[in-house]
There are 2 protein chains.
Amino acid sequence: MATIREVSRLAGVSIATVSRVLNGASTVAHPTRERVLAAIATLGFKPNAFARGLATNRSGGIGVTVNEISSPYFGAFIRGVEQVVRAEGIHMMVSSGYATAALERASVDFLLERRCDGLIVQSDALDDEALIELARDGDTPVVVFGRSVAEIGSSCVVLDNELGGSLATEHLLRHGHRHIGHIAGPLSYADARDRLMGYRRALVAAGIAFDDRYVVESTFLEEGGAEAAAHLLERAPDLTAIFVANDQMAAGAMRTLRETGHAVPDDISIIGYDDVFLARYLTPTLTTVRQPLVEMGRAAADLLLERLDGERREVVHRFDPELVERQSVASAVR
Amino acid sequence: MATIREVSRLAGVSIATVSRVLNGASTVAHPTRERVLAAIATLGFKPNAFARGLATNRSGGIGVTVNEISSPYFGAFIRGVEQVVRAEGIHMMVSSGYATAALERASVDFLLERRCDGLIVQSDALDDEALIELARDGDTPVVVFGRSVAEIGSSCVVLDNELGGSLATEHLLRHGHRHIGHIAGPLSYADARDRLMGYRRALVAAGIAFDDRYVVESTFLEEGGAEAAAHLLERAPDLTAIFVANDQMAAGAMRTLRETGHAVPDDISIIGYDDVFLARYLTPTLTTVRQPLVEMGRAAADLLLERLDGERREVVHRFDPELVERQSVASAVR
DNA sequence: TAGAACGATGTAACCGGTTTCAGGAAAGCG
DNA sequence: CGCTTTCCTGAAACCGGTTACATCGTTCTA
């Protein structure tokens, strides 16, 4: 692999001049520049990113941690980030934390060690203090995705999950349902707590007492949704609708209902959350609450870039979810 | 951010000794080691990856290029790679090429510039020559995923797509179908060509002449599958079964069939390919051909690691697809 | 025409690690 | 007790870029 010195020798200039050509910074006379470019081409020279990083203390890349890289949910988010970042010629390193505090810590440390110029952190397991410390103390700008931490609010990009929970529940109320169950995600996740909160708020606003027999905590996974639905049917046999805290669990719940002879939506209505890809393929297609994940990914990247280059951009910090009506909700008959 | 010199000063040793402690290589007296570790801890020292990379010319990471990072298909593959690599304490950088030659080239160059220790390339747009040159000429070991290039066969991890095409077609033949359509992927992709080849071979082996009116080339996307199915119904109205070259197009085809009043599988049987996540959620659930993507990702990583550390491992280069029977295929009635 | 200003280029210090080689102290040997 | 061997440690050269500063030849201004 050729170095800048070999290029300089071939072009008959000093290494400083080659460096100047590479970075386009200072003025280089036209013929000289041409000679250097020719030498670069013939040698197939590629600047060594380590040497450059060592000298500038910048990597030209940002780091992103997500729960799980292979999930369609995070895929959409990553895609949004990549759209913005690629357009600026910046690179992205992704690391999965699998919702485990130790692994998430390791991911963050790993990315910091690589001297990422900035970090977008989607974390389920780290506590607020850890995030605050990260965002405040480090010299690396940090944007937090999907969690609202008051102390560093201006670094957060979030969805209003409580609003989403209300939207879903109100939709069921509008269809005349009064006995509405809720399959929640793990309540250790703020997302799950907020959705539950929205559900509760909507019920109370409609004059219906909150009853925790109608609520089951589960896993955000399909299997968990299937089991939770079975519990719910047992504990609250009179329910006519269920708000499920994500689409994956909704798919599982629908399977259980089908297997136990409950028609969806004729006997029981189902509403999901996320509007992942899958929602359109279930039978019946799933009414759900959409998160604009790609847009949110873009917003997170924009926010980080703003921190990096100091240029102000229009950044939305809080996104509103949106109801997507499909076939899995019908009017209550009883 | 503390440097190795500050650590050495605090511990009262030289930077060489600190370096030795960091790498565990040479012998360091026990009390000295303790002092150094204590200094590292109090300063919160993290070695600078650039400086280390510059000195060793290794990054401690591998690069992976895929078509599209946010697709569930590639997600599964990446996950397999990550499983292996994480266990070895190696890091992974992913870059998307979006099936565009220029972007794929840029991804590869980008990763090479970062001095990845090795590369796993999943490429749809680069031609064989480019891959051969990459695998042969560079000093960075390269593994090619999902394409069989004869000249560098020992560096490839592939699925036998022709076998997969045969499996699917034979399954339909066994159910008594004689008029079998095929919705192919873009024939610029080797995958798509091989699946078509398998379809053709199975037909001929069953004594049925290959008829290209029964074949439509499409896009590997849902919308393409929907359109292709419409064409196919027009050109070959007597068909009783369709082998679709991936599940996404199969979902589209099923939509068209439903909309045009053809029952699946009673009027027309459908078989897909890939066994992505989605296949289990379609109605009827989709009979398909499974690619063991996670395992293949692991194999690709194992192969690369073998190149990197010279240690021999058991590596499978060619995987066999597997039929997954669900509900979308029925016996031919006519 | 002398002196200042400017544009193009080169020299060398620096970024923060790794690693070779040399040297000093302690231990082993005759 | 002197000499070799072994073990541990330090000095300094590197890795390949960036960049502050120096230099030199031109051109512009008075």
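Just so it is clear, the structure is predicted and the values come from calculations on it, not from any experiment. Labels below follow one simple rule: chain letters A, B, ... track the order of the sequence lines, proteins then strands, and each chain is numbered from 1.
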**Message:** Whether the side chain of Glu68(B) engages the backbone of Phe74(B) through a donor-acceptor N/O pair (distance < 3.5 Å, no angle test) should be reported.
**Reply:** no
**Asked** Nearest nucleotide by nearest heavy atom, which residue falls closer to the 5' end of DNA chain C, His30(A) or Ile15(A)?
**Response** His30(A)
**Prompt:** For the pair made of CZ in Arg20(B) and C1' in dA11(D), what is the distance, rounded to whole Å?
**Reply:** 11 Å
**Prompt:** Looking across every strand, which nucleic acid part, if any, lies under 4.0 Å from Val13(B) by heavy atom: base, sugar-phosphate, or nothing?
**Reply:** sugar-phosphate
**Item:** Phosphate-side-chain proximity, Asn23(B) and dT18(C), N/O vs OP1/OP2 below 4.0 Å
**Value:** yes
**Prompt:** What nucleic acid atoms does Ala29(B) come within less than 4.0 Å of, heavy atoms only: base, sugar-phosphate, or nothing?
**Reply:** sugar-phosphate
**Message:** Taking donor-acceptor contacts at under 3.5 Å, does the side chain of Arg115(A) reach the base of dG16(C)?
**Reply:** no
**Request:** Starting from P on dG17(C), measure out to CE on Met1(B) and report it in whole angstrom.
**Result:** 10 Å
**Message:** Quick check on Arg58(A): does its CZ atom have over 12 non-hydrogen neighbours (other residues, nucleotides or ligands) under 6.0 Å away?
**Reply:** no
**Request:** Indicate whether the side chain of Arg114(B) and that of Ser59(A) have a donor and an acceptor atom separated by less than 3.5 Å.
**Result:** no
**Item:** Rounded distance (Å) that lies between atom P of dC15(D) and atom CD of Glu6(A)
**Value:** 11 Å
**Asked** Would you call the rings of Phe110(A) and His91(B) parallel, tilted or perpendicular if under 30° counts as parallel and over 60° as perpendicular?
**Response** tilted
**Aromatic plane relationship, Tyr189(B) with Phe220(B) - under 30° parallel, 30 to 60° tilted, over 60° perpendicular** = tilted
**Message:** Side chain of Thr27(B) only, heavy atoms from C-beta on: which candidate in dC8(D), dT19(C), dT9(C) is closest?
**Reply:** dC8(D)
**Fill in**
Residue pair Ser14(A)/Arg5(A) against DNA chain C: nearer the 5' end by closest nucleotide is Ser14(A)
**Asked** Any sub-3.5 Å donor-acceptor pair from Arg147(A)'s side-chain atoms to Ser123(A)'s backbone N or O?
**Response** yes
**Prompt:** Among dT11(C), dG16(C), dT9(C), which nucleotide sits nearest the side chain of Thr3(B)?
**Reply:** dG16(C)
**Message:** In whole Å, I'd like the distance from the CZ atom of Arg33(A) to the P atom of dA8(C).
**Reply:** 10 Å
**Message:** Looking at Thr32(B), I'd like to know whether one of its side-chain N or O atoms comes within less than 4.0 Å of OP1 or OP2 on dT9(D).
**Reply:** yes
**Prompt:** Between dG17(C) atom P and Asn48(A) atom CG, what is the distance in whole Å?
**Reply:** 16 Å
**Interatomic distance, Arg114(B) CZ vs dG16(D) P [rounded to whole Å]** = 17 Å
**Asked** Phosphate oxygens OP1/OP2 of dT18(C): is one of them under 4.0 Å from a side-chain N or O of Ser19(B)?
**Response** yes
**Request:** Identify, residue by residue, the members of residues 50-60 of chain A with a heavy atom below 4.0 Å from DNA chain D, and return them in order of residue number, or none.
**Result:** Ala51(A), Arg52(A), Leu54(A), Ala55(A), Thr56(A)
**Request:** Ignoring hydrogens and angles, tell me if any N or O in the side chain of Glu104(A) forms a donor-acceptor pair with the backbone of Asp124(A) under 3.5 Å.
**Result:** yes
**Asked** Is there a residue in residues 34-46 of chain B whose heavy atoms reach under 4.0 Å of DNA chain D, and which residues are they?
**Response** none
**Item:** Among dG17(C), dA12(C), dA8(C), the nucleotide that comes nearest once only the side chain of Ile4(B) is considered
**Value:** dG17(C)
**Request:** For the side chain of Ala16(B), starting at C-beta, report the closest nucleotide among dG17(D), dA11(D), dT18(C).
**Result:** dA11(D)
**Request:** May I ask you to evaluate whether Thr17(B) reaches the phosphate of dG10(D), defined as a side-chain N or O under 4.0 Å from OP1 or OP2?
**Result:** yes
**Prompt:** Can you name the salt bridge (charged side-chain N to carboxylate O under 4.0 Å, His left out) partners of Arg35(B), sequence neighbours left out?
**Reply:** none
**Message:** Between C1' on dG10(D) and CZ on Arg9(B), what's the gap in Å once rounded to a whole number?
**Reply:** 15 Å
**Item:** Arg5(A) backbone acceptor or donor facing Thr3(A) side chain under 3.5 Å
**Value:** yes
**Message:** Do Ser96(B) and Arg79(A) pair up side chain to side chain, a donor and an acceptor below 3.5 Å, judged on atom types alone?
**Reply:** no
